[in-house]
2 protein chains.
Amino acid sequence: MAAKHVKEMEALKEHLGKHQLKLTRQRELILSAFLRQEHITAEAMYHQLAKSDPHLGLATIYRTLNLFCDAGLAQARHFGSQTQYDNIAHKGHHDHLICTGCDKIVEFENCDIERLQEEVATQNGFIIKTHRLELYGLCSRCRH
Amino acid sequence: MAAKHVKEMEALKEHLGKHQLKLTRQRELILSAFLRQEHITAEAMYHQLAKSDPHLGLATIYRTLNLFCDAGLAQARHFGSQTQYDNIAHKGHHDHLICTGCDKIVEFENCDIERLQEEVATQNGFIIKTHRLELYGLCSRCRH
DNA sequence: ATCATTTTGAGACAGCTTATCAATTTCAAT
DNA sequence: ATTGAAATTGATAAGCTGTCTCAAAATGAT
Ligand SMILES: [Mn+2]
Ligand SMILES: [Mn+2]
Ligand SMILES: [Zn+2]
Ligand SMILES: [Zn+2]
C-alpha cells in the first residue's frame with residue numbers, strides 16, 4: 001500500500017519542485033485514483049472520488065489532471081465530446097482502437113506506423129511533436 | 001462562372017432529392033463558398049459570408065455544412081477545439097500534418113500507413129470504419 | 001396559384017472546460 | 001513551532017462551440 005505508485009509520486013514531486021508548485025492532499029489523492037485507471041474523464045473521476053471526498057471540486061480535478069499532463073504522467077485525448085485522460089505513467093506512447101458499438105478501447109503500438117509517420121513529416125519539412133491515431137470500428141463482439 | 005462546381009452541385013441535388021430536402025438560395029451560396037476552401041470552420045465561413053449576406057445565420061451554416069457531410073461533399077474533423085469542415089468533394093481520403101506554430105495544414109496520403117492500420121485492426125478483431133491520423137509539429141518555417 | 005412541407009434566422013439552451021475570487025493550505029524562513 | 005508570502009482550493013460564473021426551438025418565410029409538387 002505504502003509502496004504503491006512511488007515512482008509516479010516522485011515524478012510528480014519533481015515537476016512540482018521545478019515549477020514552484022505545492023504538494024496538496026488533493027493532488028496526492030487524485031494521483032492515486034488516477035493511476036488505478038487506464039483512461040478516465042474528469043467527470044467520472046469526480047463522481048468516483050465524491051464517495052469518499054464529497055467536497056472535492058470538479059475544477060480541482062480538471063486542474064490536477066491537466067497538471068499531470070504537464071508532468072508527463074497523463075495525456076489528454078479527445079474521444080467524442082469529452083476529454084479522456086490517459087494514464088501513460090508506466091506505459092509508453094500508444095494509440096487506440098475504439099469500438100463504436102460498445103465504446104471499448106484497445107491500446108496498441110506499432111513501430112512501423114510510427115516510422116512511416118516520421119517519413120511523411122520529413123518529406124513535408126515538418127518535425128513531429130505529437131500525433132494522434134485513432135481507429136474507429138466494430139470489435140468482434142459488436143459485429144453481429 | 002456558371003460552369004464552376006457543377007458536379008458538386010449535381011451531387012448535392014441528388015442527395016436533396018433522395019431525402020425530400022429542398023434547394024435553397026442559402027445552400028447554393030454556402031456550397032459555392034465551401035468549394036473554394038480546403039478546410040474551413042463554420043465560424044470562419046459565417047464571417048466570410050457576412051460581408052455579402054449579413055443576415056445569413058450561423059445556425060444555417062452549421063446545418064448546411066453538416067448536410068454537406070451527409071451528402072459526402074464534406075467531412076467534419078475536430079482539430080483543437082473547433083470543427084473543421086474538410087472539402088473532400090474532389091479529393092479522396094487523406095490525413096493531415098498540422099503546424100502548431102502557424103496553424104498551417106498539409107494534406108497527405110500514405111497507403112502503407114493505411115495498410116498497417118488494417119493489419120492492427122485485424123489482429124485485434126476489429127473492422128475499421130473510419131480513422132483519424134493527425135501529425136502535429138512545426139513546419140520548416142516555424143522551426144526557427 | 002395553392003398549400004403542405006421544409007428551411008431559415010434569432011436567440012435560447014446545452015455540454016464541457018476554464019476563469020474568478022475569497023478563504024484555506026502549504027512550506028520556506030524565521 | 002510560528003509566521004507570512006505564495007499557491008491552491010471549492011463554489012460558481014463565465015466561455016466556447018454547437019444544437020434546439022419556433023414563428024416567419026421559402027420551396028416545389030400539384
Ligand atoms: Mn490509452
Ligand atoms: Mn484535408
Ligand atoms: Zn464493441
Ligand atoms: Zn508553421
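Predicted, not measured: the structure shown is a model, and the values here were computed from it.
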* What's the CZ-C1' distance between A/F68 and D/dT8, to the nearest Å? -> 14 Å
* By side-chain hydrogen bond (donor to acceptor under 3.5 Å, both in side chains) - contacts of A/R143 (at least two apart) -> none
* Indicate, yes or no, whether a donor-acceptor pair under 3.5 Å links the base of D/dA26 to the side chain of B/K22. => no
* Asked: Is the shortest side-chain N/O distance from B/T24 to OP1 or OP2 of C/dT8 below 4.0 Å?
  -> yes
* Would you mind classifying the nucleic acid contact of A/E43 as base, sugar-phosphate or nothing, using non-hydrogen atoms under 4.0 angstrom? => nothing
* **Spacing of A/H19 atom NE2 relative to C/dT26 atom C1', expressed in whole Å** => 18 Å
* Asked: Please give, in whole Å, the distance from C/dG9 C1' to B/Y46 OH?
  -> 9 Å
* Asked: Taking OP1 and OP2 of D/dT8, is either one under 4.0 Å from a side-chain nitrogen or oxygen of A/T60?
  -> no
* Please tell me which of the listed nucleotides, D/dG18, D/dT9, C/dT7, lies nearest to the side chain of A/R27? => D/dT9
* Checking all strands, does B/D53 fall into the base, sugar-phosphate, or nothing category for heavy-atom contacts under 4.0 angstrom? -> nothing
* A/L21 near the nucleic acid: base, sugar-phosphate alone, or nothing, with a heavy-atom cut-off under 4.0 Å? -> sugar-phosphate
* Asked: More 5' along DNA chain C: B/T64 or B/A59, using each one's nearest nucleotide?
  -> B/T64
* Asked: Are A/H93 and A/H131 close enough that their ring centres sit under 6.0 Å apart?
  -> yes
* To do: Check whether any side-chain nitrogen or oxygen of B/N66 sits under 4.0 Å from OP1 or OP2 of D/dG18, and answer yes or no.
  => no
* What's in the same ILVMFWY side-chain cluster as B/L65, cut-off under 4.5 Å, chained through other members? -> B/M9, B/L12, B/L16, B/L21, B/L23, B/L29, B/I30, B/L31, B/F34, B/L35, B/I40, B/M45, B/Y46, B/L49, B/L56, B/L58, B/I61, B/Y62, B/L67, B/F68, B/L73, B/Y85
* Structure fact -> Whole-Å distance, B/L58 CG to C/dA12 P, equals 15 Å
* Answer yes or no: is there an ion pair linking B/K91 with B/D86, defined by an N-O contact shorter than 4.0 Å? => yes
* Asked: Considering heavy-atom distances to DNA chain D, does B/Y62 or B/Q26 have its closest nucleotide positioned more toward the 5' end?
  -> B/Y62
* To do: Measure from NZ on B/K13 to P on D/dA29 and round the result to the nearest Å.
  => 12 Å
* Can a side chain N or O of A/H55 be found less than 4.0 Å away from OP1 or OP2 on D/dA11? -> yes
* Could you pick out which residue, A/L56 or B/R63, lies toward the 5' side of DNA chain D when each is mapped onto its nearest nucleotide? => A/L56
* Is B/H94 reaching over with its side chain to a backbone N or O of B/G92, donor-acceptor style, under 3.5 angstrom? -> yes
